[in-house]
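Positions are given from 1 along the sequence.
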Amino acid sequence: MSTYNIFQIAIPEFKHIHDAKLQHDQAVELLKCIFKEIPKLSNQQLETIGLDKAIYDAIKHGMFEFIDEIIELYPEIIWRKDKKGRTLFANAIVLRQEKIFNHVFRLGEKQRITLLRHDIFRNNFLHLAAKLSPPSRLDHISGAALQMQRELQWFEELRRILPPKFEEELNENNRTPASLFSHEHKVLMKEGEKWMKNNAASCMVVATLISAVMFTSAFTVPGGIDEKTGSPIFLRSNAFLVFVMANSLSLFSSSTSVLVFLGVLTSHYAEKDFLQSLPAKSILGLFTLFFSIVTMMVAFGSAIFITLQERLAWVSIPVIILSTVPIAFFTLLQFPLLIEMLVSTYCCRIFDIPQTKLK
């Protein structure tokens with residue numbers, strides 16, 4: 001019995017994986033054979049076989065390997081324009097395929113000249129970046145505000161690369177890139193504002209409730225007050241120290257969260273605000289809200305322990321364990337959004353290329 005048969009018996013999915021890999025390798029070899037023949041064909045023959053449509057579809061679906069092979073075997077393809085006068089480079093921008101854009105840009109100085117070309121509508125590459133992304137690309141991003149942020153990141157990064165004169169050029173509709181961006185993203189911007197305000201309002205209500213409860217509990221300490229001295233009865237208890245610290249931290253962080261989300265609600269919601277200002281405020285607001293929930297549960301657990309430690313100390317254990325449930329729910333529901341905001345705002349660059357301007 002061969003090794004292949006043994007793996008096939010031991011791992012039922014092995015045959016499916018093997019067949020898929022074999023099919024992929026055969027498809028790559030077939031593509032190589034086809035691409036080797038492309039330089040021999042005339043422009044009319046290339047249009048007949050639908051080369052431009054095939055390249056467009058490959059870019060649209062992010063088929064990096066397809067683009068890599070055709071550039072390697074037929075380097076002149078990067079200069080070829082489709083019926084709209086757009087090169088492979090231009091379509092990578094329109095379809096928001098950063099991997100393909102990065103790959104082509106790294107080919108060298110000579111290939112960067114393609115960035116200075118215009119399509120038949122007199123759109124330069126900054127105009128193309130100003131157009132709204134295809135829905136298939138936007139759907140991968142949570143929330144209209146983060147989608148707007150991604151669109152601004154594309155526009156700003158290309159503006160750093162392209163010559164300054166591109167910012168003033170007009171297309172056939174007499175629009176500059178900035179004007180076209182505002183026009184194309186008018187609806188998305190309103191949706192982003194609505195999404196931000198709804199999220200901020202919901203979180204602000206929770207933060208307000210926490211701060212109110214923590215403020216009240218600061219004056220109704222567990223165990224009560226000694227009538228003779230006016231000091232808390234459990235003042236010397238370690239659990240009481242934990243309660244006081246957790247209560248204070250929860251009050252301060254929830255109050256901070258309220259103020260931050262208030263800042264989000266009263267923002268001007270200009271286009272530039274979606275790039276860094278609004279996401280940064282939301283990140284701070286969500287983080288302080290999460291911290292206030294955690295410290296509130298710590299304060300609650302320590303209060304229960306102080307109250308029951310003399311008679312029913314064992315009851316405090318399951319109660320303290322159950323107090324982690326709200327933290328777990330918040331982590332599951334809101335933490336992914338917080339992480340996504342952090343990554344998109346501070347840890348994500350669309351292009352891994354040197355930010356040098358073309359002349």
Side-chain angles (χ1 to χ4, degrees), residues 60 93-98 121 123-160 166-208 257-289 333-350:
K60 182 179 179 180
I93 294 172
V94 173
L95 299 171
R96 301 296 195 267
Q97 293 292 345
E98 58 271 13
F121 309 107
N123 289 313
N124 60 40
F125 276 56
L126 201 54
H127 281 108
L128 300 181
K131 290 181 175 293
L132 186 66
S133 288
S136 58
R137 299 299 293 172
L138 288 177
D139 290 343
H140 294 293
I141 304 169
S142 303
L146 294 183
Q147 291 174 357
M148 186 69 182
Q149 182 193 44
R150 188 65 172 178
E151 292 290 88
L152 281 163
Q153 287 172 342
W154 265 94
F155 188 77
E156 289 299 322
E157 292 219 18
L158 274 168
R159 187 161 67 174
R160 293 192 196 103
F166 273 31
E167 297 178 36
E168 305 300 325
E169 287 185 353
L170 301 175
N171 63 9
E172 67 172 14
N173 295 319
N174 291 321
R175 289 188 180 275
T176 62
S179 172
L180 181 62
F181 185 93
S182 299
H183 176 74
E184 289 272 329
H185 295 83
K186 196 178 294 181
V187 175
L188 183 61
M189 188 174 163
K190 288 188 178 296
E191 290 176 356
E193 180 180 347
K194 184 180 177 182
W195 183 88
M196 270 286 181
K197 285 185 174 179
N198 288 341
N199 188 57
S202 301
C203 293
M204 190 175 174
V205 169
V206 177
T208 304
S257 183
V258 170
L259 294 173
V260 170
F261 284 123
L262 183 62
V264 173
L265 289 172
T266 57
S267 175
H268 294 298
Y269 287 93
E271 282 178 4
K272 300 294 181 185
D273 291 341
F274 286 93
L275 186 60
Q276 185 115 14
S277 175
L278 288 170
K281 288 178 183 176
S282 295
I283 289 167
L284 179 59
L286 284 171
F287 178 77
T288 49
L289 178 59
L333 297 174
Q334 294 293 335
F335 222 66
L337 176 62
L338 177 59
I339 297 300
E340 187 173 355
M341 281 187 175
L342 277 168
V343 171
S344 65
T345 305
Y346 299 111
C347 308
C348 180
R349 283 188 62 184
I350 296 177

Value rounded to 0.5 Å, distance of SG in Cys347 from CE in Met341: 14.0 Å
Close side-chain approach of Val264 to Asn199, heavy-atom, < 4.5 Å: no
Donor-acceptor pair, side chain of Gln149 and main chain of Leu278, under 3.5 angstrom: no
Expected output: side-chain Thr176 to main-chain Glu169 donor-acceptor under 3.5 Å: no
Over all atoms of both residues, closest heavy-atom pair of Ser257 and Ala207: OG-CB, 3.8 Å
Selection residues 184-205 - residue pairs positive for ring pair (Phe, Tyr, Trp, His ring centres under 6.0 Å), sequence neighbours left out: Phe181-His185
Tyr269 atom OH: more than 12 heavy-atom contacts under 6.0 Å: yes
Check: Gln97 side chain, Lys60 main-chain N or O, donor-acceptor pair, under 3.5 Å: yes
Pair Glu191-Met148, side-chain contact (heavy atoms from CB on, under 4.5 Å): steps then yes or no: CA-CA 9 Å; Glu191 290 176 356; Met148 186 69 182; over 6 Å; no
Check: Leu342 main-chain N/O paired with Thr345 side-chain donor or acceptor under 3.5 Å: no
Within-4.5 Å side-chain heavy-atom neighbours: Phe274 and Gln153: no
Side-chain heavy atoms of Leu158 within contact of Trp154, under 4.5 Å: yes
Backbone N/O of Leu138 and side chain of Gln147: donor-acceptor pair under 3.5 Å: yes
Side-chain donor or acceptor of Asn173 paired with backbone N/O of Arg175 under 3.5 Å: no
From Glu156 atom CD to Arg159 atom CZ, the distance as rounded to the nearest 0.5 Å: 4.0 Å
For the student: nearest non-hydrogen atoms of Thr288 and Leu284, plus distance: OG1-O, 2.8 Å
Interatomic spacing from OG in Ser282 to CE in Met196 - rounded to 0.5 Å: 3.5 Å
Interatomic distance, Asn198 atom CG to Leu265 atom CG [nearest 0.5 angstrom]: 9.5 Å
Shortest non-hydrogen contact between Ala130 and Pro177, atoms and distance: CB-O, 3.3 Å
Main-chain N/O of Ala178 paired with Ser182 side-chain donor or acceptor, under 3.5 Å: yes
Side chain to side chain donor-acceptor pair (under 3.5 Å) contacts in which one or both residues fall within residues 127-137, not counting sequence neighbours: Arg96-Ser133, Asn124-His127, Ser133-Glu151
Point-to-point distance, once rounded to the nearest 0.5 Å, from CG of Leu337 to OG of Ser142: 7.0 Å
Smallest separation among heavy atoms of Asp273 and Ser267, with atom names: OD2-OG, 3.6 Å
Residue pair Phe261 / Leu286: nearest heavy atoms and the distance that separates them: CZ-N, 3.6 Å
Nearest-0.5 Å distance, CD of residue Glu184 to CZ of residue Phe155: 11.5 Å
